[in-house]
2 protein chains.
Amino acid sequence: MTKSPAPERPKLGEFLCFAVYSANLAFGRAYRPILEKLGLTYTQYVALVALWERDDQTVSELGEKMFLESNTLTPILKKLEQSGFIERRRDPADERQVRIRLTAKGSELRNHEIGNELFDATGLGDSFFDVQKSVAKLRDNLMRSLGD
Amino acid sequence: MTKSPAPERPKLGEFLCFAVYSANLAFGRAYRPILEKLGLTYTQYVALVALWERDDQTVSELGEKMFLESNTLTPILKKLEQSGFIERRRDPADERQVRIRLTAKGSELRNHEIGNELFDATGLGDSFFDVQKSVAKLRDNLMRSLGD
DNA sequence: TCCGATTTCATCGTATGCGCTTGAATTACC
DNA sequence: GGTAATTCAAGCGCATACGATGAAATCGGA
């Protein structure tokens with residue numbers, strides 16, 4: 001959306017949703033060549049970051065942090081398993097759940113300093129953190145508005 | 001990425017790219033039920049907004065505004081044509097180019113006030129415009145860093 | 001003029017996202 | 001304690017994104 005009192009002819013450049021959409025495309029393009037060298041896609045990388053934060057999560061837990069459902073996550077996790085970054089195993093205590101664990105190969109990547117070179121590319125300087133917080137808040141507000 | 005002096009264990013919640021990624025998911029989910037009623041997907045809607053701003057554009061021109069290439073845009077525009085929102089026609093003066101024009105049906109939607117109800121859902125209040133500008137700037141900086 | 005380079009759109013294969021549905025396992029409830 | 005409801009992962013179809021490639025039209029220099 002644009003703003004509360006909408007202009008007669010809304011312009012793409014005034015849409016917050018489009019700014020977010022296109023910034024996401026830009027991040028995807030910026031990350032791709034970096035992650036490609038490691039044999040990772042962006043979403044796979046996000047899953048690894050979530051697992052570095054806490055290992056041994058179920059698909060749902062991981063999905064909650066990534067804002068994804070199992071139908072999206074399952075194929076991604078299977079790829080990560082094929083590539084040897086993680087292990088997928090049914091929980092013996094509750095066979096409905098699949099627990100995701102990092103392998104040694106998956107843990108190692110943690111020290112790779114993957115996206116740091118992109119800090120400068122954002123060109124935000126000191127406002128980096130403010131923008132990060134604002135966008136996270138925006139996301140949380142939108143997500144909450146869906147749940148009601 | 002997170003910040004310049006990286007923490008030992010980067011947390012998902014500190015990533016600007018993840019904030020943008022997940023906010024984009026949230027917008028997609030917020031828009032879906034609204035656009036569904038009109039028989040539009042989000043990307044199709046963006047294409048229409050760009051055409052409302054200026055009608056009769058080539059695929060490349062539209063792609064520049066939407067930050068998309070013809071390989072992504074072509075199937076989307078074909079869908080919009082099938083749905084009767086636009087017309088696709090080769091430019092007689094240069095048969096390489098395909099010109100995109102709104103149909104009457106496509107023009108009408110302009111007055112539909114589509115995303116305005118989402119303004120409140122963002123929960124940003126007065127900072128809405130600042131966030132919009134910051135994220136657009138972020139996108140432009142990232143995109144520029146790719147072009148060099 | 002002629003032919004190679006460039007431009008423009010389109011096709012193909014891969015990887016998400018998501019709604020819908022299925023199927024297996026567990027829990028709740030009478 | 002047996003059946004209904006719930007939970008959880010996964011399968012399927014559709015709609016983007018994008019790199020690589022192809023094909024047609026145009027351009028430009030010898």
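Every chain is numbered from 1, with letters handed out A, B, ... down the list of sequences.
- Within the structure, the salt bridge (Lys or Arg N to Asp or Glu O under 4.0 Å) test picks out no pair touching residues 26-51 of chain A (sequence neighbours left out).
- Within the nucleic acid shown, B:Gln44 comes within 4.0 Å of sugar-phosphate atoms alone, with no base atom in reach, counting heavy atoms only.
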Write down the protein N/O and nucleotide N/O pairs, taken from nucleotides 3-7 of chain D, whose separation is under 3.5 Å; answer none if there are no such pairs.
{"unit_1": "D:dT7", "atom_1": "O2", "unit_2": "A:Arg96", "atom_2": "NH1", "d": "3.4"}

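- The nearest whole Å value for the distance from the CG atom in B:Leu62 to the P atom in C:dT8 is 14 Å.
- Shown here are the side-chain hydrogen bond (donor to acceptor under 3.5 Å, both in side chains) partners of A:Gln132, two or more places apart in sequence or in another chain: there are none.
- Listed nucleotides D:dC18, C:dT26, C:dG17 differ in distance to A:Thr43; the shortest reach to its side chain belongs to C:dG17.
- A:Leu73 comes within contact range of no nucleotide atom at all, as no heavy-atom separation falls under 4.0 Å.
- Rounded to an integer number of Å, the gap from B:Asn71 CG to D:dA23 P is 17 Å.
- For B:Arg90, there are no side-chain hydrogen bond (donor to acceptor under 3.5 Å, both in side chains) partners two or more places apart in sequence or in a different chain.
- The NZ-C1' distance, from A:Lys37 to D:dG19, rounds to 16 Å in whole Å.
- For residues 75-87 of chain A, every residue pair satisfying the side-chain hydrogen bond (donor to acceptor under 3.5 Å, both in side chains) rule, not counting sequence neighbours, is listed here: A:Glu81-A:Arg88.
- If you measure from atom CZ of A:Arg32 to atom C1' of D:dA20, you get 12 Å, rounded to the nearest angstrom.
- Non-hydrogen atoms lying under 4.0 Å from DNA chain C are contributed by A:Lys79, all within residues 78-91 of chain A.
- If you take CD of B:Glu69 and P of D:dG19, they are 7 Å apart, rounded to a whole angstrom.
- Under 4.0 angstrom from either OP1 or OP2 of D:dA17 there lies no side-chain N or O belonging to B:Thr72.
- In the set C:dG17, D:dC18, C:dG19, the nucleotide with an atom closest to the side chain of B:Tyr21 is C:dG17.
- When rounded to the nearest whole Å, the span between CG of B:Leu146 and C1' of D:dG19 equals 14 Å.
- Sequence neighbours left out, the pairs with a member in residues 44-63 of chain A that pass salt bridge (Lys or Arg N to Asp or Glu O under 4.0 Å) are A:Arg54-A:Glu61, A:Asp56-A:Arg99, A:Asp56-A:Arg101.
- The base of C:dA15 is not paired with the side chain of A:Thr41 by any donor and acceptor separated by under 3.5 Å.
- In this structure, the side chain of B:Trp52 engages the main chain of B:Gly106 through a donor-acceptor pair within 3.5 Å.
- Side-chain N/O atoms of A:Ser70 and base N/O atoms of D:dA10 include a donor-acceptor pair closer than 3.5 Å.
- When rounded to the nearest whole Å, the span between CZ of A:Arg99 and P of D:dC8 equals 12 Å.
- Each of B:Gln97 and A:Ile76 was matched to the nucleotide of DNA chain C holding its nearest heavy atom; the match closer to the 5' end belongs to B:Gln97.
- Legend: residues meeting side chain to side chain contact (heavy atoms under 4.5 Å, CB included) with A:Thr103, ordered by chain and number and at least two apart, are A:Lys105.
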Exercise answer: donor-acceptor pairs, residues 65-76 of chain B side-chain atoms, under 3.5 Å, sequence neighbours excluded:
{"unit_1": "B:Lys65", "atom_1": "NZ", "unit_2": "B:Gln57", "atom_2": "OE1", "d": "2.7"}
{"unit_1": "B:Thr74", "atom_1": "OG1", "unit_2": "B:Ser70", "atom_2": "O", "d": "2.8"}

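- Separation of the B:Tyr21 and B:Phe15 ring centroids does not fall under the 6.0 Å cut-off.
- For the pair B:Asp94 and B:Asn24, nearest-nucleotide mapping onto DNA chain D gives the more 5' position to B:Asn24.
- When all heavy atoms of A:Val135 and B:Ala23 are compared, the closest pair comes out as CG1-CB, 3.8 Å.
- Put simply, CG on B:Leu77 is 12 Å from P on C:dT11, counting in whole angstrom units.
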